[in-house]
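For reference, the structure discussed in these notes is given below.
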Amino acid sequence: MSQPRLVATDLDGTALRSDGTVSERTAAAFALVEAAGSALVFVTGRPPRWMSEVAAAVHHRGLAICANGALIYDLHTERIVESHLIETVILEEVVARLRRSVPELAFSVEYEGGFAHESSFRLGRWDASGLDGVHVEAAGLLSRPCAKLLALHPEMDPDLLHGTICELVGDLVTPTHSSGRALIEMSALGVTKASALAGFASRNRIKSHEVVAFGDMPNDLPMLEWAGVSYAVANAHPDVLAAVHHVTAANNDDGVAQVLEELYSGERGAPGLSSGL
């Protein structure tokens, strides 16, 4: 494969180590991409408020598509430059439908500039360590447009919950999931990692066949299906492993860096690359 004009990679579980860090090898591989004149875009479910350490690790280079495509974040300035939000009337209808059918759900929302959750919403490790008691009642939760609506079930299988929520509100929002918890992330209808990445590529006159993309979870599938060449890391969700062109080494073994080194320096990385088809 010739050098792509655009490299798009998910972060957690893909380019980052499991402890959330960017390894020296991966940071160096990202630098190779930019030195070659190709675009480097991080495409993540993370909100911008979780991007400071990543921005510092890559020396504030590049662009991040955050919140599964809802927010475009400039790593140079650490500012949101584009938003695609769920309007309040849609939020209210989505939550009303879900409460009627799956009353065990607890909700949180990701705004452009913050996060709020119901008291019954069990925080993940990032928010539990970074936020202390930031909770509101349901009416306040839905009082303004948001980038993501999140629904957490105490015990359902994540894939089963995703299917259920798609059936109930898939005409109003775009549900996906990206963690081992029964946590469903909902964006505005039609907003995905792929839609935001395709918009960026179009503005820069880059065709999909000139893009290589990396991912590990179902929220990466639209992006991986859109890109001309797709890679999953070895630790990826089974649906992702089945959908991509190639499989590289796991995130903790710098699988993304291995591919980028071969593409941009001609060096073959450590063993672990294989075809997924």
Side-chain angles (χ1 to χ4, degrees), residues 1-16 22-48 50-84 187 191-216 219-233 244-246 248 251 254-267 269:
M1 176 186 174
S2 59
Q3 288 184 352
R5 293 184 61 200
L6 169 59
V7 171
T9 182
D10 174 53
L11 291 174
D12 295 287
T14 301
L16 302 188
V22 181
S23 73
E24 290 185 7
R25 182 177 182 179
T26 295
F30 289 157
L32 285 175
V33 174
E34 294 203 318
S38 297
L40 174 64
V41 181
F42 302 115
V43 191
T44 178
R46 285 189 178 206
W50 289 2
M51 293 298 296
S52 294
E53 290 184 8
V54 173
V58 298
H59 306 290
H60 298 271
R61 291 191 295 257
L63 188 78
I65 293 172
C66 293
N68 295 327
L71 302 173
I72 311 300
Y73 189 64
D74 188 334
L75 294 177
H76 299 272
T77 62
E78 295 195 52
R79 292 183 179 178
I80 295 169
V81 295
E82 186 178 327
S83 302
H84 303 277
S187 304
V191 172
T192 66
K193 289 186 174 187
S195 68
L197 186 62
F200 171 83
S202 177
R203 291 190 293 272
N204 288 276
R205 298 183 179 181
I206 298 172
K207 305 297 185 183
S208 62
H209 71 267
E210 299 174 303
V211 179
V212 61
F214 301 85
D216 76 309
N219 65 330
D220 296 316
L221 283 170
M223 171 180 74
L224 295 170
E225 291 166 355
W226 176 82
V229 178
S230 58
Y231 282 85
V233 285
V244 296
H245 300 111
H246 306 282
T248 185
N251 64 318
D254 298 318
V256 172
Q258 290 185 31
V259 177
L260 296 181
E261 288 164 358
E262 186 170 355
L263 287 173
Y264 288 94
S265 69
E267 298 177 3

Q | Non-neighbouring partners of Ala8 that pass side-chain contact (heavy atoms from CB on, under 4.5 Å), sequence neighbours left out | A | Val43, Leu197, Ala213, Met223
Q: Using a 4.5 Å cut-off on heavy atoms from C-beta on, say whether the side chain of Pro47 contacts that of Leu71.
A: no
(Q) So if I apply the side-chain hydrogen bond (donor to acceptor under 3.5 Å, both in side chains) rule between Thr14 and each of Asp216, Asn251, Thr248, which one comes out positive? (A) Asp216
Q | Residues which pass ring pair (Phe, Tyr, Trp, His ring centres under 6.0 Å) with Tyr73, listed by chain and number, not counting sequence neighbours | A | none
Q.
By the definition side-chain hydrogen bond (donor to acceptor under 3.5 Å, both in side chains), identify the one residue from Asn219, Thr192, Asp220 that meets it with Asn68.
A. Asn219
Q: Of all the heavy-atom pairs spanning Cys66 and Pro48, show the shortest one and how long it is.
A: CB-CD, 4.0 Å
Q: Indicate the atoms forming the closest heavy-atom contact of Ala36 with Gln3, along with that distance.
A: CB-OE1, 3.8 Å
**Q.** Gly215 versus Asp10, closest heavy-atom pair with distance
**A.** CA-CB, 4.1 Å
Q: For the pair Arg5 (side chain) and Arg205 (backbone), establish whether a donor and an acceptor sit closer than 3.5 Å, ignoring hydrogens and angles.
A: yes
**Q.** Atom pair NE2/CH2 of His209 and Trp226 - distance to nearest 0.5 Å
**A.** 10.5 Å
Q: Could you tell me which non-hydrogen atom of His84 sits nearest to which non-hydrogen atom of Gly69, and how far apart they are?
A: CD2-O, 3.8 Å
Q: Indicate yes or no: at least one non-hydrogen side-chain atom of Ser230 is less than 4.5 angstrom from one of His245.
A: yes
Q | Of all pairs that satisfy salt bridge (charged side-chain N to carboxylate O under 4.0 Å, His left out), the ones with a partner from residues 65-83, not counting sequence neighbours | A | Glu82-Arg203
Q: Would you mind telling me which of Leu6, Val212, Thr9, Leu260 makes a side chain to side chain contact (heavy atoms under 4.5 Å, CB included) with Val33?
A: Leu260
Q) With sequence neighbours left out, what residues match Asp254 under salt bridge (charged side-chain N to carboxylate O under 4.0 Å, His left out)? A) Arg17
Q | Gap between atom CG of Leu63 and atom CG of Leu75 - 0.5 Å precision | A | 6.5 Å
Q: Determine the interplanar angle of the Phe214 and Tyr231 rings, folded into 0 to 90°, and report it as parallel if under 30°, tilted if 30 to 60°, perpendicular if over 60°.
A: parallel
Q | Point-to-point distance, once rounded to the nearest 0.5 Å, from CD of Glu210 to CG of Asn204 | A | 11.0 Å
Q | Pairs touching residues 28-45 that satisfy side chain to side chain donor-acceptor pair (under 3.5 Å), sequence neighbours left out | A | Glu34-Arg61, Ser38-Tyr264
Q.
Run the salt bridge (charged side-chain N to carboxylate O under 4.0 Å, His left out) test against Glu225 and tell me which residues pass, sequence neighbours left out.
A. none
(Q) Please determine whether side chain to side chain contact (heavy atoms under 4.5 Å, CB included) holds for the pair Val259 and His246, giving the CA-CA distance in whole Å, both sets of side-chain angles, and the decisive distance to 0.1 Å. (A) CA-CA 10 Å; Val259 177; His246 306 282; over 6 Å; no
(Q) Would you say that Leu16 contacts Val22 through its side chain, given a criterion of any heavy-atom pair below 4.5 Å between the two side chains? (A) yes
Q. How close do Ala196 and Ile72 get, heavy atom to heavy atom, and via which atoms?
A. CB-CD1, 4.0 Å
Q: Could you pull out the closest heavy-atom pair between Val191 and Ala70, with the gap in Å?
A: CG1-N, 3.7 Å
